[in-house]
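Below is one structure, written out as structure tokens, with a few remarks after it.
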Amino acid sequence: MAGKRLSAAEIQQFQEEGLVIPDYRVPDSLLAKMRHAVDDLIERHPHVAPEQLSGPHNPWGQSAQILGTEEFLEFCRFPDFLDMVEDLIGPDIILWGSMLFAKPGGTGKAVPWHQDGQYWPITPLKTVTLRIAIDGSTPENGCMRYVPGSHRDHALLEHAVQLRDDYAIKQEIPDVDETRAADCVLQPGQISLHDVYLIHGSNPNTSGKRRADYAVRYMPADALYDRSPNHPATAYAAKVSPTMNYARRPLWLLRGSDRAGNDFAVGKGD
């Protein structure tokens, strides 16, 4: 059976490959608002690399680097997005993160092969990422690449720390067989959804065209966002990316009921 927004075939593709591009386009009016909000966010944070604008949805600032807006928070609540996420993780949905990947034309950094869950304090590790193409995402401007089916073992692979200026993140899975990789090509307003265990990355943007994707992170409310400073992901962030401040990150229950004892008060205005 089809879901509320995804077809049965799309749900099956997500389960088998770890990523799906639904037959869907963001309404033109909403996409125009998102593009304006993206331009404004980049302009307000000239000191932050546009590939690393973490937490646009948090109007109180999820890190010391950027201050988000209520407008981005409303984007994350858009019912069509939640319907698609519900088809994949169920009716109890928590918003816990988002990030703007805006690779400038000609200078946009590469993202090495990695799994998202390597960095996140969620137990059990269950998250789906919904990415909205603001500009359009192609091989020429450094679109996301992924290894279909690499999520199926639900296992985190060993990542090597890479402190390279030409990388947008600091961890990399070595020796990925790139002959198995596929490009996630999106037209403006298209979206993709991918699994937390999926191996993915992207090449640098050597074109003259910006590539901006807004990635929103949703978790099912039967998983716990672990605020302990001893969690490996939090301990790693404290050493390598201290502005991430996982322990104080706010959560929003967007649909259904919390089933894991998550704390929804922390980080909101304090």
Point to revise | Test log, rule side-chain contact (heavy atoms from CB on, under 4.5 Å), inputs D213 and K103 | key: CA-CA 9 Å; D213 292 349; K103 293 186 178 186; over 6 Å; no
Review point. Run the side-chain hydrogen bond (donor to acceptor under 3.5 Å, both in side chains) check on T129 and R217 step by step: do they pass?
Key: CA-CA 5 Å; T129 296; R217 321 287 193 186; 2.9 Å; yes
Review point. What do the steps show when you test D92 against R259 for side-chain contact (heavy atoms from CB on, under 4.5 Å), and what is the final call?
Key: CA-CA 8 Å; D92 305 309; R259 303 178 185 280; 2.6 Å; yes
Exercise for review: For side-chain contact (heavy atoms from CB on, under 4.5 Å), just list the numbers for L156 and L125, CA-CA rounded to whole Å, side-chain angles, deciding distance to a tenth of an Å, and then say yes or no.
Suggested key: CA-CA 10 Å; L156 292 177; L125 186 57; 4.0 Å; yes
Practice item. Kindly indicate, with the supporting measurements, whether the criterion side-chain contact (heavy atoms from CB on, under 4.5 Å) is fulfilled by V216 and I132. Key: CA-CA 8 Å; V216 188; I132 306 110; 4.2 Å; yes
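Side-chain contact check for R145 versus E178: some heavy-atom pair is nearer than 4.5 Å. Counting heavy atoms from C-beta outward, L193 and V85 have side chains that approach closer than 4.5 Å.
Atom CG in L186 sits 4.0 Å away from atom SG in C184 (nearest 0.5 Å). Taking SG of C143 as the reference point, atom CG of N203 lies at 8.0 Å (rounded to 0.5 Å). Rounding to the nearest 0.5 Å gives a distance of 8.0 Å between OH of Y146 and CG of L198. Taken to the nearest 0.5 Å, the CG atom of L254 stands 6.5 Å off from the CZ atom of R77.
Taking 4.0 Å as the cut-off between side-chain N and carboxylate O, R35 and D39 do not count as a salt-bridged pair. Using a cut-off of 4.0 Å between Lys/Arg side-chain N and Asp/Glu carboxylate O, K4 and D87 are scored as not salt-bridged. Of the charged side-chain nitrogens involved, at least one lies within less than 4.0 Å of a carboxylate oxygen, so that D83 and R255 count as a salt-bridged pair. A salt bridge does not link E86 with R5: none of the charged nitrogens is closer than 4.0 Å to a carboxylate oxygen.
Both V20 and V128 are part of a single hydrophobic cluster, where members link through side-chain heavy atoms under 4.5 Å apart. Side-chain heavy atoms closer than 4.5 Å link hydrophobic residues (I, L, V, M, F, W, Y) into clusters, and following such links, even through other members, never connects M144 to V196.
Within a 6.0 Å sphere centred on CG of D23, other residues, nucleotides and ligands contribute 12 heavy atoms or fewer. Counting heavy atoms of neighbouring residues, nucleotides and ligands inside a 6.0 Å radius, atom CG of D177 exceeds 12 of them. The environment of E43 atom CD is sparse: at most 12 non-hydrogen atoms of other residues, nucleotides or ligands sit within 6.0 angstrom.
Put simply, the residue from E51, K209, R210, R211 that forms a side chain to side chain contact (heavy atoms under 4.5 Å, CB included) with P104 is E51. Of the candidates Q190, Q187, E10, Q190 is the only one forming a side chain to side chain contact (heavy atoms under 4.5 Å, CB included) with I21.
No donor-acceptor distance shorter than 3.5 angstrom exists from the side chain of D183 to the backbone of V185, with no hydrogens or angles considered. The closest donor-acceptor contact from the side chain of N262 to the backbone of A223 lies under 3.5 Å. With hydrogens and angles ignored, the 3.5 Å screen pairs a side-chain donor or acceptor of K268 with a backbone N or O of F264.
For E71 and T69, the side-chain atoms include no donor-acceptor pair closer than 3.5 Å. There is a side-chain donor-acceptor pair under 3.5 Å between D116 and H200. A donor and an acceptor atom, one from each side chain of K109 and S202, are nowhere located under 3.5 Å apart. A donor atom on one side chain and an acceptor atom on the other are found under 3.5 Å apart for D80 and Y24.
Residue pairs meeting the side chain to side chain donor-acceptor pair (under 3.5 Å) criterion with at least one member in residues 220-229, sequence neighbours excluded, are K126-D222. Legend: ring-ring contact (aromatic ring centres under 6.0 Å, His included) pairs involving residues 201-224, not counting sequence neighbours, sorted by first then second residue: F72-Y214.
Note that R131 lies in the cation-pi zone of F101, set by a 6.0 Å cut-off to the ring centre and a 45° limit from the axis.
Between H151 and H154, the ring-plane angle classifies as perpendicular under the 30° and 60° cut-offs.
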